[in-house]
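Some notes on the structure that comes next.
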Amino acid sequence: MDIKDIEIKYDNSPIHIELCSVRHMNPHFHEKSLEFVYCLKGKVSLFTSFQKFTIEENQICSIDSRDIHCLHSDEDNLILFCHINLSNVSKPFDFLQYVFFACESFNSYPYQQSSLKWLERTLLSFVYVKYGDDVGFYPDYGKTADEIIAVMMRYFNYYTYLNSDGYFNDIMYERFQRMLAYCHKNFHKKINISQ
């Protein structure tokens with residue numbers, strides 16, 4: 001099977017929004033995009049990495065750049081896809097490409113709930129602007145993309161995924177990110193603990 005990098009057409013914006021019904025999407029990935037799948041109606045199965053999720057109505061799930069995934073559903077649904085161009089936000093891509101995000105409505109901690117609700121409202125406002133009748137205002141997509149990345153970095157990265165109580169240690173977090181980046185850049189070499 002040919003697994004493709006599906007390039008997103010951003011049209012001079014760091015954010016791309018699309019509403020559609022999903023029956024089956026073949027395995028694919030996005031080289032430089034963080035993807036959100038937001039189920040507005042029905043449900044859809046998401047197969048990503050070694051996991052399978054069922055995303056039900058009013059639930060969101062994030063998919064990391066380069067993460068191979070596919071979707072399938074046997075019922076009527078309406079899915080909002082939001083892609084953020086990680087090479088067009090203020091945080092440098094050479095850092096973001098090594099961050100693992102874990103934003104899942106069905107698997108979140110109490111301290112993440114307000115940020116999850118903010119993300120839901122933000123994604124729905126994009127739909128309103130794109131598909132509504134002459135809404136009269138247009139968000140600053142660059143600023144909003146940066147805000148989404150900031151929320152994801154603080155509340156929905158893998159470091160917080162492992163941390164159920166919400167305590168955030170800046171020094172440990174920075175060390176965690178540096179270790180991940182080092183492992184990604186050097187996994188093909190023989191490295192030891194001291195290195």
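The analysis underlying the following values was restricted to heavy atoms, covering all of them including side chains, and did not include hydrogens, waters or symmetry mates.
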May I ask you to test the [X]-[Y] pair for a side-chain heavy-atom distance under 4.5 Å?
{"X": "Leu123", "Y": "Phe81", "answer": "no"}
{"X": "Phe29", "Y": "Ile3", "answer": "yes"}
{"X": "Glu56", "Y": "Cys39", "answer": "no"}
{"X": "Phe47", "Y": "Met25", "answer": "no"}
{"X": "Ile63", "Y": "Val37", "answer": "yes"}
{"X": "Gln113", "Y": "Ser108", "answer": "yes"}
{"X": "Leu40", "Y": "Ile79", "answer": "no"}
{"X": "Leu124", "Y": "Tyr38", "answer": "yes"}

Where do [X] and [Y] come nearest, in terms of heavy atoms and distance?
{"X": "Pro27", "Y": "Ile68", "result": "CB-CG2, 4.2 Å"}
{"X": "Ile60", "Y": "Ser105", "result": "N-OG, 2.8 Å"}
{"X": "Cys61", "Y": "Glu104", "result": "SG-CG, 3.9 Å"}

Quick one: pull up [atom1] in [X] and [atom2] in [Y] and give me the separation to the nearest 0.5 Å.
{"X": "Leu78", "Y": "Cys20", "atom1": "CG", "atom2": "SG", "result": "8.0 Å"}
{"X": "Leu119", "Y": "Phe156", "atom1": "CG", "atom2": "CZ", "result": "7.0 Å"}
{"X": "Glu31", "Y": "Asn85", "atom1": "CD", "atom2": "CG", "result": "11.5 Å"}
{"X": "Phe101", "Y": "Leu34", "atom1": "CZ", "atom2": "CG", "result": "6.0 Å"}
{"X": "His72", "Y": "Asp74", "atom1": "NE2", "atom2": "CG", "result": "3.5 Å"}
{"X": "Ile84", "Y": "Ile149", "atom1": "CD1", "atom2": "CD1", "result": "5.0 Å"}

Quiz prompt | Centroid-centroid under 6.0 Å between Tyr182 and Tyr98 rings | solution =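 No, ring centres 6.0 Å or more apart.
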
Quiz item: Can you check whether Phe106 and Phe53 have ring centres sitting under 6.0 Å from each other?
Solution: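 Yes - the distance between ring centres of Phe106 and Phe53 falls below the 6.0 Å cut-off.
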
If Ile, Leu, Val, Met, Phe, Trp and Tyr residues are connected whenever their side-chain heavy atoms lie under 4.5 Å apart, and connections chain through other members, are [X] and [Y] in the same group?
{"X": "Leu86", "Y": "Val99", "value": "yes"}
{"X": "Trp118", "Y": "Met152", "value": "yes"}
{"X": "Ile148", "Y": "Tyr128", "value": "yes"}

Exercise. Indicate whether any N or O donor in one side chain lies under 3.5 Å from an N or O acceptor in the other, for His28 and Asn26.
Key: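 There is no such pair (donor and acceptor under 3.5 Å, judged by atom type) between the side chains of His28 and Asn26.
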
Quiz item: Taking Tyr141 as the fixed residue, which of Asp146, Asn88, Val129 is the one that meets the side chain to side chain contact (heavy atoms under 4.5 Å, CB included) rule?
Solution: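 Passing option: Val129.
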
Quiz item: When clusters are formed from ILVMFWY side-chain contacts under 4.5 Å, directly or step by step, what else is grouped with Tyr10?
Solution: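 Noted: Tyr10 shares its cluster with Ile8.
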
What class does the angle between the rings of [X] and [Y] fall in, given that below 30° is parallel, 30 to 60° is tilted and above 60° is perpendicular?
{"X": "His30", "Y": "His69", "answer": "tilted"}
{"X": "His16", "Y": "His83", "answer": "tilted"}
{"X": "Tyr111", "Y": "Tyr109", "answer": "parallel"}

Exercise. Please determine if Lys32 and Asp5 form a salt bridge, counting it only when a charged side-chain N lies under 4.0 Å from a carboxylate O.
Key: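 No salt bridge links Lys32 with Asp5.
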
Quiz item: Salt bridge between Lys43 and Glu57, side-chain N to carboxylate O under 4.0 Å?
Solution: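 Salt bridge between Lys43 and Glu57, a charged N being under 4.0 Å from a carboxylate O: no.
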
Exercise. Verify the neighbour count for atom CD of Glu7: are there more than 12 heavy atoms of other residues, nucleotides or ligands below 6.0 Å?
Key: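 No, not enclosed.
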
Practice problem: Sequence neighbours left out, what pairs pass salt bridge (charged side-chain N to carboxylate O under 4.0 Å, His left out) with at least one residue falling in residues 112-132? | Solution: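 Residue pairs passing salt bridge (charged side-chain N to carboxylate O under 4.0 Å, His left out), neighbours aside: Lys117-Glu120.
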
Quiz item: Could Lys91 and Phe95 be counted as a cation-pi pair, given that NZ or CZ must be under 6.0 Å from the ring centre and within 45° of the axis?
Solution: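 Yes - Lys91 lies over the ring of Phe95, closer than 6.0 Å to its centre and within 45° of its axis.
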
